[in-house]
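Taking it in order: structure first as structure tokens, then the write-up.
So that the names make sense, note that chain A is the first sequence line, chain B the second, and so on, each numbered from 1.
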Number of protein chains: 2
Amino acid sequence: MTSTRDRLVDSTRELLWDRGYVGTSPKAIQELSGAGQGSMYHHFAGKRELALAAIERTAEELRDNAERELSAPGTAVARITAYLRRERDALRGCPIGRLTQDPDILADPALRRPVDETFDWLRERLAAVLTEGRTRGEFDGDLDANDIASAIVATAQGGYVLARAAGDPAQFHRAVDGVIALLKARTKTVAQ
Amino acid sequence: MTSTRDRLVDSTRELLWDRGYVGTSPKAIQELSGAGQGSMYHHFAGKRELALAAIERTAEELRDNAERELSAPGTAVARITAYLRRERDALRGCPIGRLTQDPDILADPALRRPVDETFDWLRERLAAVLTEGRTRGEFDGDLDANDIASAIVATAQGGYVLARAAGDPAQFHRAVDGVIALLKARTKTVAQ
DNA sequence: GTCTATATAAGGATAGAC
DNA sequence: GTCTATCCTTATATAGAC
């Protein structure tokens, strides 16, 4: 059903997620995808081209998933809470954030771009949701949407770090609960 | 002045910080330290033993630096702010947090322990500072010190991710400013 | 499109002389 | 303690047949 090409890209995505760029070998990609060596080099020029396709696809998917939560109906805080509490494998971490630890990725503009753009988009999207909430009068006083949006994205990314260090997904959720509690304290105490 | 052994450990610390465990080769360690191959294997059994010494040393240093800010005089928020705003090379990231992206480190209990313990300590230390602040009456209402401490550590760790993705240290500071703003909003509005 | 053969370099270490 | 020689494996391809 799926083409060899697709299986190569999907396998690369999995391996990049778990082992990063430097930790992912062509041989491992071939084994996971079930494609032979000649086949792999027929479809892609090499590891770099494969990684590029894999990263672009992963970035697209992350964005789509985030947009689903963030564009749902509800208050700003409810949507951000839903986004942060969405079910996930916290121990596996973020497939995009992970790539920022790979010097070879950061050094290559093409490989780096989807990473950069994903976080840029996410930060702006969260800031827009916060601004919308403020316009609607959800929050008390003023609120720097850009800084808080950054803090929210960072809390999630750092939550993965804490979870992986401890080997315990609860550490992710604890961090997320912390930032949600801080954010909720800024909402007007009208309803519960 | 410094022993060959120390130069080997220091070089390994630098390389682990920048390239991670899988990205650090014995050859690179030898070149950076100026030690020969025989010399390296005389002092250490191999890459793993070198990494162990390097990670333990880095963890110790991180802890000492954090303790310096967190045990200073001042309010809880002032100390946490000083900790988060301490001068740093945000683009380089956290030398301990970085290791959580290395499957080989997480899979090895000895290599992983200092990483786990560092974050455990840091989270508890921040929670203690927050609890102390609450006892002193710095904060309005209640406040879940553990969750907020987690969120603070996570914001810093995630701030590095954002900074590295963008190639811009300002992204780290933006996230940090966001969480500080949220935290400050919880202080009693007595003084500024 | 896929397979097998071959190739160069690097990773990670051991052996033994000095 | 340090150096050089040697070793086996993996990384990352290229070449050419089918």
Query - Closest-nucleotide 5' rank along DNA chain D - winner of A:Gln37 and B:Arg7 - result: B:Arg7
Query - Atom pair distance, as rounded to whole Å: CG in A:Leu8 and P in D:dA13 - result: 14 Å
Query raised in the report: Using a cut-off of 4.0 Å on non-hydrogen atoms, how would the nucleic acid contact of B:Thr24 be classed: base, sugar-phosphate, or nothing?
Result: sugar-phosphate
Report summary line: Separation of C:dG12 atom P from B:Glu31 atom CD, nearest Å, is 13 Å
Requested in this report: Output the single nucleotide from C:dG12, D:dT12, C:dT2 whose closest atom is nearest the side chain of A:His43.
Outcome: C:dT2
Query raised in the report: D:dT10 phosphate, OP1 or OP2: any side-chain N/O from A:Lys27 under 4.0 angstrom?
Result: no
Query raised in the report: How many Å lie between CG on B:Leu50 and C1' on C:dG11, as a whole number?
Result: 15 Å
Query raised in the report: Which of these, A:Glu67, A:Glu61, A:Arg68, sits in a side-chain hydrogen bond (donor to acceptor under 3.5 Å, both in side chains) with A:Asn65?
Result: A:Arg68
Report task. Taking B:Arg112 for its side chain and B:Ile105 for its backbone only, find out whether a donor-acceptor pair lies under 3.5 Å. Result -> no
Query - Pairing of A:Arg63 and A:Glu60 as salt bridge, 4.0 angstrom limit - result: no
Report summary line: To the nearest angstrom, the CG-P distance between B:Asp104 and D:dT10 comes to 14 Å
Query raised in the report: Is the shortest side-chain N to carboxylate O distance from B:Lys188 to B:Asp140 below 4.0 Å?
Result: no
Query raised in the report: Can you check the A:Gln30 CD to D:dT10 P distance for me, whole Å?
Result: 14 Å
**Report entry** Rounded distance (Å) that lies between atom C1' of D:dA11 and atom CZ of A:Arg48
**Finding:** 18 Å
Query raised in the report: Touch check for A:Gly38, heavy atoms < 4.0 angstrom, all strands: base, sugar-phosphate only, or nothing?
Result: base
Report summary line: Checking D:dA13, C:dT2, C:dG12 against the side chain of B:Ser25 (C-beta onward), the nearest is C:dG12
Report task. Would you indicate, yes or no, if D:dG1 has its OP1 or OP2 atom less than 4.0 angstrom from a side-chain nitrogen or oxygen of B:Thr4? Result -> no
Query raised in the report: Of the nucleotides D:dT14, D:dC3, D:dT4, which has the atom closest to the B:Ser39 side chain?
Result: D:dC3
Query raised in the report: Thinking salt bridges, do A:Arg98 and A:Asp18 make one under a 4.0 Å N-O criterion?
Result: no
Query raised in the report: Separation of A:His42 atom NE2 from C:dT4 atom P, in whole Å?
Result: 17 Å
Query raised in the report: For the pair made of OH in B:Tyr41 and P in D:dT2, what is the distance, rounded to whole Å?
Result: 16 Å
